[in-house]
Undergrad: 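Shown below is the structure under consideration.
Reminder, nothing fancy here: chain letters follow the sequence lines and each chain counts from 1.
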Amino acid sequence: MGDKTMILNIGPQHPATHGVLRIQIELDGEVIVNAKPIVGYLHTGIEKTMESKTYTQALTMTDRMDYLAPMSNNLVYVMAVEKLMQVDVPLRAQYLRVILTELTRINSHLVWLGTHATDIGAMTLFLYCFREREKILKIYEFVSGVRMMSSYFRVGGLAKDVPVGFDKRIKEILDIMPNKINEYEDLLTENRIWKNRTVGVGKISGEEAIKSGLSGPLLRGSGVNWDIRKANPYSCYDHFEFDVPLGKNGDTYDRYKCRIEEMRQSLRIIRQALEGLPEGPYITEDRKIAPPPKEEVLKGMEQLIHHFKIWVDGFCPPEGDVYHSIESPKGEIGCYLVSDGTKRPYRVHFRPPSFVNISALNKLAKGRMISDLIAIIGSVDIVLGEIDR
Amino acid sequence: MLPEQLKSQIEKDCADDIESSAIYRGDVKFYVRKDRLIELCRYLRDNQNLGFNFLSMITAADYLDKREKRFEIIYSLYSIPYHHRVMLKIRISENEEVPSLTCLWDTADWQEREVYDMFGIKFTGHPNLRRILMDDDWVGYPQRKDFPLTYELPEFSHNRGNVQIRPTNPERN
């Protein structure tokens, strides 16, 4: 710390930090010399707790990391277990997973947009975004019974088939959302205040972004074309047509544009997946992994044994370790899983996109004004539950 | 590039740096010699045909009583131009240090700090190796297998003297 600078502490309790993030900034007048994010206030030991749960129980912990995108967290975890156990997931389950994770992407981006705009002063948008988000949460509730911590995916497929009327509800979203997204854009995209606050703020070049491990819209805003859905397609993403929106300047405005366009692309994917949604089982028929249907349990001895074994013991993946990653709304979320052949995971580690993205905060904020810092934190799009786990 | 091609090419190019290699469930894995880690990573990053420019993840696992060398550090490298991935691993015993990758990727900073915080593994050459998720004065490393999962028993008048108090940092307060 030099003679001229002063230290200012923002957070952990501060509305613009989107949770319990603390930032220690060194200021020269109003210019940021150094911004140091301090995390850990929400550390609950999710990875450690998962080691003492069975594979199915541990799934419920994953919702609690990035609570704005629970389905993406579920997906990366179940896919890691499926990779380890070499389970074939039925096509219907894969399509439904795509529909729901893309809804999750819209859900997460809506919260980001609402809070980001509020931080900068566009209050109206917050209510608009949360109005639409509630419709998506209603769908979560409709399929899984829970608004936020849905835990709807299972190793091998889904917890149950979607209820009758699912497609009607999704169509409703598909009908209203494009107009709503236009509405948000009308309010912001060409808005002079919005542009003043975001264009050129928090710039990062593509090369620096890669070096800092940034992923998701942050990386694509800097013009690096990397979307895991396209690069290494999982869960049938290669069946759908969609574009990967890219930015040029790597500033807050470009990231905003990327995310807005991503919502449109998500709607495009959902539309295709819903049209092509195949009939069939919603979970694998391997009885060592998924329990048999209840009617069969009441009739057959073998089915009863399977039912009993699944609910008492769960399943034991073979010894080994895998890493699997998917494109979550915030970037690359990865799951590193070690099994020692028992029914509980030996070690689970998540590569949390928010954790890695916020670590580059100093690069984005250096040399900017303190008011820009708020816009930058908003554009990084963090969830502290995921950073601290 | 197919996993098999990738494996054989890296095996051919960096035979000195690698102890053993395997493909498991489509993941290409290498056990790397600890003292050759930085050279290997630099080669993988800068080679035009491999292009592993993205350090995706650093983590560790504790194999207490299961293996001779207790810890394993896992690095996941990804190639954005070619869309392939490798996993690098190092086996170390307790109190052994690992070279830090902060000289190659800035993202290694926080991820190595997390490994240090959770496992107590030290990274040589790391500029700021402090705890990140736990308190600065926390004693113990939570992700180690010998760190208890359950909460501590609070001391009351009826069990005074029988409760084992977790040691705290003497420098606290």
Undergrad: Would you compute the distance between atom OG of B/Ser79 and atom CH2 of A/Trp226 and round it to the nearest 0.5 angstrom?
TA: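 Answer for the OG-CH2 pair, B/Ser79 versus A/Trp226, is 10.0 Å.
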
Undergrad: Is the count of non-hydrogen atoms from other residues, nucleotides or ligands lying under 6.0 Å from A/Asp88 atom CG greater than 12?
TA: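 It does not: A/Asp88 CG has 12 such atoms or fewer within range.
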
Undergrad: Is A/Leu214 in contact with chain B via its backbone, its side chain, both, or neither, using a 4.5 Å heavy-atom distance?
TA: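 Only the backbone of A/Leu214 comes within 4.5 Å of chain B.
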
Undergrad: Using non-hydrogen atoms and a 4.5 Å limit, figure out which bit of A/Glu207 sits close to chain B: side chain, backbone, both or neither.
TA: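 Nothing of A/Glu207, per the 4.5 Å heavy-atom cut-off to chain B.
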
Undergrad: For B/Tyr82, which atoms come within 4.5 Å of any heavy atom of chain A: side chain, backbone, both, or neither?
TA: neither

Undergrad: Using non-hydrogen atoms and a limit below 4.5 Å, what part of residues 320-332 of chain A faces chain B?
TA: A/Gly320, A/Asp321, A/Val322, A/Tyr323, A/Ser325, A/Glu332

Undergrad: Any ion pair linking B/Asp62 and A/Arg347 (charged N to carboxylate O, less than 4.0 Å)?
TA: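 Between B/Asp62 and A/Arg347 there is no salt bridge, as every charged N stays at least 4.0 Å from the carboxylate O atoms.
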
Undergrad: Side chain, backbone, both or neither: which part of A/Val39 has a heavy atom under 4.5 Å from chain B?
TA: both

Undergrad: One thing to verify: whether B/Glu114 and A/Arg389 come together as a salt bridge, which I'm taking to mean a side-chain N less than 4.0 angstrom from a carboxylate O.
TA: yes

Undergrad: Give me the contact list for residues 28-53 of chain B versus chain A, heavy atoms only, anything under 4.5 Å, ordered by residue number.
TA: B/Lys29, B/Asn53

Undergrad: Looking at B/Ile132, B/Asp135, B/Asp117, B/Leu133, which hits side chain to side chain contact (heavy atoms under 4.5 Å, CB included) with A/His43?
TA: B/Leu133

Undergrad: Are A/Lys83 and B/Tyr24 in a cation-pi setup, meaning NZ or CZ lies under 6.0 angstrom from the ring centre and within 45 degrees of the ring axis?
TA: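 So A/Lys83 doesn't make the cation-pi contact.
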
Undergrad: Supply the atom-to-atom distance A/Lys48 NZ to B/Met118 CE, rounded to the nearest 0.5 angstrom.
TA: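 Rounded to the nearest 0.5 Å, the NZ-CE separation comes out at 10.0 Å.
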
Undergrad: Counting only heavy atoms closer than 4.5 Å, note whether B/Arg131 contacts chain A via side chain, backbone, both or neither.
TA: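 Nothing of B/Arg131, per the 4.5 Å heavy-atom cut-off to chain A.
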
Undergrad: Applying a heavy-atom distance below 4.5 Å, give me the residues of residues 96-104 of chain B that approach chain A, sorted by number.
TA: B/Leu104

Undergrad: Report yes or no: does A/Lys211 contribute a side-chain atom to a donor-acceptor pair with the main-chain N or O of B/Thr107 at less than 3.5 Å?
TA: no

Undergrad: Under 4.5 Å heavy-atom distance to chain A, tell me which part of B/Arg144 shows up: side chain, backbone, both or neither.
TA: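 It is the backbone, since no side chain atom gets that close.
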
Undergrad: Can you tell me if CD on A/Glu241 sees more than 12 non-hydrogen neighbours from other groups inside 6.0 Å?
TA: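 Result for CD/A/Glu241: open.
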
Undergrad: Nearest 0.5 Å, what's the CD1-CG distance between A/Ile210 and B/Leu55?
TA: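 Between A/Ile210 CD1 and B/Leu55 CG, I get 12.5 Å after rounding to 0.5 Å.
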
Undergrad: For chain B, find its close neighbours in residues 357-367 of chain A: heavy-atom separation under 4.5 Å, sorted by number, or none.
TA: A/Ile358, A/Ser359, A/Lys363

Undergrad: For the CZ atom of B/Phe54 and the OG atom of A/Ser212, what is their distance to the nearest 0.5 Å?
TA: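 The CZ atom of B/Phe54 sits 9.5 Å away from the OG atom of A/Ser212.
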
Undergrad: Is B/Ala60 close to chain A through its backbone or its side chain, or both, or neither, when contacts mean heavy atoms under 4.5 Å?
TA: backbone

Undergrad: What distance do A/Gln86 atom CD and B/Arg25 atom CZ have between them, rounded to the nearest 0.5 Å?
TA: 3.5 Å

Undergrad: Is chain B contacted by the side chain of A/Pro37, its backbone, both, or neither, given a heavy-atom distance below 4.5 Å?
TA: both

